[in-house]
Amino acid sequence: MPELTVVVPTYNEAPNVAALLRRVDGALVGRVDYEVVVVDDNSPDGTADVVRSVQGEYPVRVVVRKDERGLASAVIEGFRQAKGEVVGAIDADLQHPPEKLPELLQKVREGADIVVASRYESGGAIEGWTLGRKVVSRGARLLAYVFAPSSRRSRDPLSGFFLLRRSAIEGVDLRPVGYKILLEILVRGHVGRVASVPFSFADREAGQSKYGVREQVNYLRHLARLMPADKGLRRFLKFCLVGGSGVLVNMGLLWLLTEVAGLFYLVSSAVAVECAILNNFLWNDVWTFRDRRAAGWRARLGRFARFNVFVLAGLGINVAFLWLFTERLGVYYLLSNLIGIAAATMWNFLVNSRWTWGAGPPRP
Ligand code: GDD
Ligand code: MN
């Protein structure tokens with residue numbers, strides 16, 4: 001059994017694939033027990049035949065799919081056929097340097113579940129792309145970070161070059177549309193530790209990219225499919241719902257204490273705010289972050305104290321934005337307040353998920 005299976009998706013890569021296999025072999029032979037699985041979608045240019053012609057020289061198999069097309073699904077097919085405990089993907093067109101494979105593998109051996117070869121790391125780069133495609137790539141990444149927040153664990157969640165421990169996808173139903181297989185795995189997989197290795201995305205030497213408007217549309221469809229599955233996004237929505245319930249508690253108590261109990265409204269407000277904080281804390285503790293809390297009352301009190309501090313700071317952020325947008329930018333004050341609430345919500349979510357209900361060490 002090889003330790004590593006490298007999957008190479010191909011469509012019309014006849015001029016590139018032999019050189020790729022040679023460079024993969026050059027990087028791994030004698031150091032790593034590996035195999036390559038080329039998944040070709042019946043390329044009319046004879047890519048599969050080129051692979052077969054070098055089968056005597058390198059440990060490579062070719063799988064030809066006749067009734068399916070698509071980069072991501074091709075990679076999944078390759079993973080299905082893989083024998084290695086570590087599996088990964090690399091493009092056939094030499095834009096991903098195979099010489100990085102040993103370094104990637106080393107990080108898996110050291111305990112990472114996924115290692116991403118990343119363009120967006122110091123030391124990483126992109127050669128030869130037009131400004132337009134660079135902007136599209138950054139924009140696509142931003143969309144992923146917003147709508148599939150699990151992807152934030154990598155600086156380059158859209159990379160097509162990565163390795164992973166097979167256990168990260170075992171039993172996981174992967175069904176991406178289009179190109180972005182790594183994104184699919186980051187969102188749906190059992191992913192504990194993510195590591196990265198910077199690389200320089202080279203210019204294509206021969207053949208043509210298959211990336212175009214069609215793939216951009218596929219990407220949006222893919223994101224729409226991933227959104228409801230993303231644990232990070234679901235958690236954020238829960239957090240917002242709990243926040244909404246806090247507003248109701250705050251308003252209700254303010255009214256009750258002022259009108260019924262006859263307290264001065266600012267006194268009522270102080271009580272109402274603290275009760276809303278307590279309400280939010282409890283719901284977040286038993287619902288939003290249920291899977292993350294340590295047991296025991298002392299720990300819970302500690303979390304409550306932290307939550308209080310962060311939320312009060314959030315209130316400060318809300319007021320600061322209200323002031324800034326209204327006084328300095330001339331925005332209508334109710335709109336400024338909405339912006340302030342949005343900023344405070346982001347702050348509250350980020351700091352509390354990190355320090356109040358911190359993930360702690362990854363569980364096995
Ligand atoms: N089997 C199969 N089926 N392979 C395909 C298909 C397909 O429909 N479409 C593309 N491929 C193969 C290509 O033959 C090549 O080996 C690889 O997938 C990448 O395709 P390109 O068309 O060259 O993509 P790119 O260079 O624009 O973008 C690549 O690199 C980016 C940076 O890492 C992709 O891997 C992107 O997903 C990635 O973000
Ligand atoms: Mn390419």
Side-chain angles (χ1 to χ4, degrees), residues 138-139 141-155 157 186-187 223-224 226-255 266 268-293 300-360:
R138 292 277 179 160
R141 182 178 72 159
L142 186 66
L143 284 180
Y145 280 179
V146 172
F147 294 107
S150 304
S151 63
R152 287 194 204 151
R153 308 172 68 193
S154 168
R155 284 202 179 166
L186 284 171
V187 172
L223 269 185
L226 280 178
M227 271 173 67
D230 193 292
K231 296 173 207 89
L233 188 68
R234 280 163 64 159
R235 210 191 282 282
F236 181 64
L237 292 180
K238 286 179 180 177
F239 191 81
C240 290
L241 269 178
V242 169
S245 81
V247 173
L248 295 182
V249 170
N250 188 342
M251 298 284 266
L253 274 179
L254 177 62
W255 179 84
L266 288 182
S268 310
S269 171
V271 178
V273 165
E274 191 50 40
C275 287
I277 292 178
L278 179 63
N279 168 81
N280 291 8
F281 173 77
L282 289 176
W283 282 112
N284 281 326
D285 208 50
V286 302
W287 188 46
T288 316
F289 294 101
R290 189 182 44 184
D291 55 324
R292 285 226 199 138
R293 51 192 190 169
R300 175 167 283 182
L301 273 177
R303 288 197 295 278
F304 183 51
R306 256 166 288 172
F307 187 71
N308 261 281
V309 172
F310 292 139
V311 168
L312 288 177
L315 208 61
I317 289 175
N318 187 345
V319 174
F321 270 71
L322 170 61
W323 176 85
L324 187 82
F325 277 82
T326 310
E327 298 297 326
R328 288 291 152 106
L329 302 170
V331 176
Y332 181 57
Y333 77 102
L334 287 181
L335 184 59
S336 304
N337 195 38
L338 270 185
I339 298 170
I341 289 173
T345 305
M346 295 300 284
W347 156 267
N348 284 339
F349 182 71
L350 290 176
V351 295
N352 282 302
S353 54
R354 190 167 161 83
W355 285 296
T356 305
W357 291 279

Practice item. Identify, with sequence neighbours excluded, every residue that meets salt bridge (Lys or Arg N to Asp or Glu O under 4.0 Å) alongside Arg235. Key: Asp291
Practice item. Output all residues satisfying side-chain hydrogen bond (donor to acceptor under 3.5 Å, both in side chains) with Thr356, sequence neighbours left out; order by chain, then residue number. Key: Asn352
Point to revise | Evaluation steps, side-chain contact (heavy atoms from CB on, under 4.5 Å), between Ile317 and Phe321 | key: CA-CA 6 Å; Ile317 289 175; Phe321 270 71; 3.8 Å; yes
Practice item. Can you see which heavy atom on Trp347 is nearest to which on Ala313, and at what distance? Key: CZ2-CB, 3.8 Å
Point to revise | Over 12 foreign heavy atoms within 6.0 Å of CZ, Arg141 | key: yes
**Study point:** Value rounded to 0.5 Å, distance of CZ in Phe236 from CG in Leu241
**Key:** 11.0 Å
Exercise for review: Measure the SG-CG distance between Cys240 and Asn348 for me, rounded to the nearest 0.5 Å.
Suggested key: 10.0 Å
Practice item. Output yes when a side-chain donor or acceptor of Ser151 lies under 3.5 Å from a complementary backbone atom of Ala144, and no otherwise. Key: yes
Exercise for review: Could you label the plane-to-plane angle of the Phe239 and Phe289 rings as parallel, tilted or perpendicular, counting under 30° as parallel and over 60° as perpendicular?
Suggested key: perpendicular
Check your understanding: If you look at every heavy atom in Leu254 and Ala272, which pair is closest and at what distance?
Key -> N-CB, 3.8 Å
Review point. Any donor and acceptor pair, going by atom type alone, linking the side chain of Asp230 with main-chain N or O of Ser150 inside 3.5 Å?
Key: yes
Revision key, fill the gap. CZ of Phe147 to CE of Met227, rounded to nearest 0.5 Å, is 5.5 Å
Exercise for review: Would you indicate whether the side-chain heavy atoms of Tyr145 and Pro157 approach each other to under 4.5 Å?
Suggested key: yes
Review point. Side-chain contact, heavy-atom cut-off 4.5 Å: Leu350 with Arg354?
Key: no
Practice item. Could you list the residues that satisfy side-chain hydrogen bond (donor to acceptor under 3.5 Å, both in side chains) with Thr345, not counting sequence neighbours? Key: none
Identify each donor-acceptor pair in which a side-chain atom of residues 323-330 lies under 3.5 Å from a protein atom, sequence neighbours left out, and give them as a table.
{"residue": "Thr326", "atom": "OG1", "partner": "Leu322", "partner atom": "O", "Å": "2.5"}
{"residue": "Thr326", "atom": "OG1", "partner": "Ser336", "partner atom": "OG", "Å": "3.0"}

Check your understanding: Yes or no on side-chain contact (heavy atoms from CB on, under 4.5 Å) for Val351 and Arg306, after CA distance, side-chain angles and deciding distance?
Key -> CA-CA 10 Å; Val351 295; Arg306 256 166 288 172; over 6 Å; no
Point to revise | Pairs satisfying side chain to side chain donor-acceptor pair (under 3.5 Å), at least one member in residues 273-284, at least two apart | key: Ser245-Asn279, Asn279-Trp283, Asn284-Thr288
Review point. With a cut-off of 6.0 Å (strictly less than), are more than 12 heavy atoms of other residues, nucleotides or ligands near CZ of Arg234?
Key: no
Check your understanding: So do the side chains of Val311 and Phe281 get within less than 4.5 Å of each other, counting heavy atoms only?
Key -> no
Point to revise | CH2 on Trp357 to CZ on Phe349, rounded to 0.5 Å | key: 10.5 Å
Check your understanding: How long is the span from the CG atom in Leu312 to the CZ atom in Phe307, to the nearest 0.5 Å?
Key -> 10.0 Å
Exercise for review: Can you see which heavy atom on Ala276 is nearest to which on Asn250, and at what distance?
Suggested key: CB-CB, 4.0 Å
**Study point:** Those residues that, when tested against Arg303, pass salt bridge (Lys or Arg N to Asp or Glu O under 4.0 Å) (two or more places apart)
**Key:** Asp285
Review point. Which value, rounded to the nearest 0.5 Å, describes the distance between Leu334 atom CG and Ile339 atom CD1?
Key: 11.5 Å
Check your understanding: Any idea which heavy atoms bring Gly232 and Pro149 closest together, and the distance?
Key -> C-CG, 3.8 Å
**Study point:** Heavy-atom side-chain contact between Phe304 and Leu278 under 4.5 Å
**Key:** yes
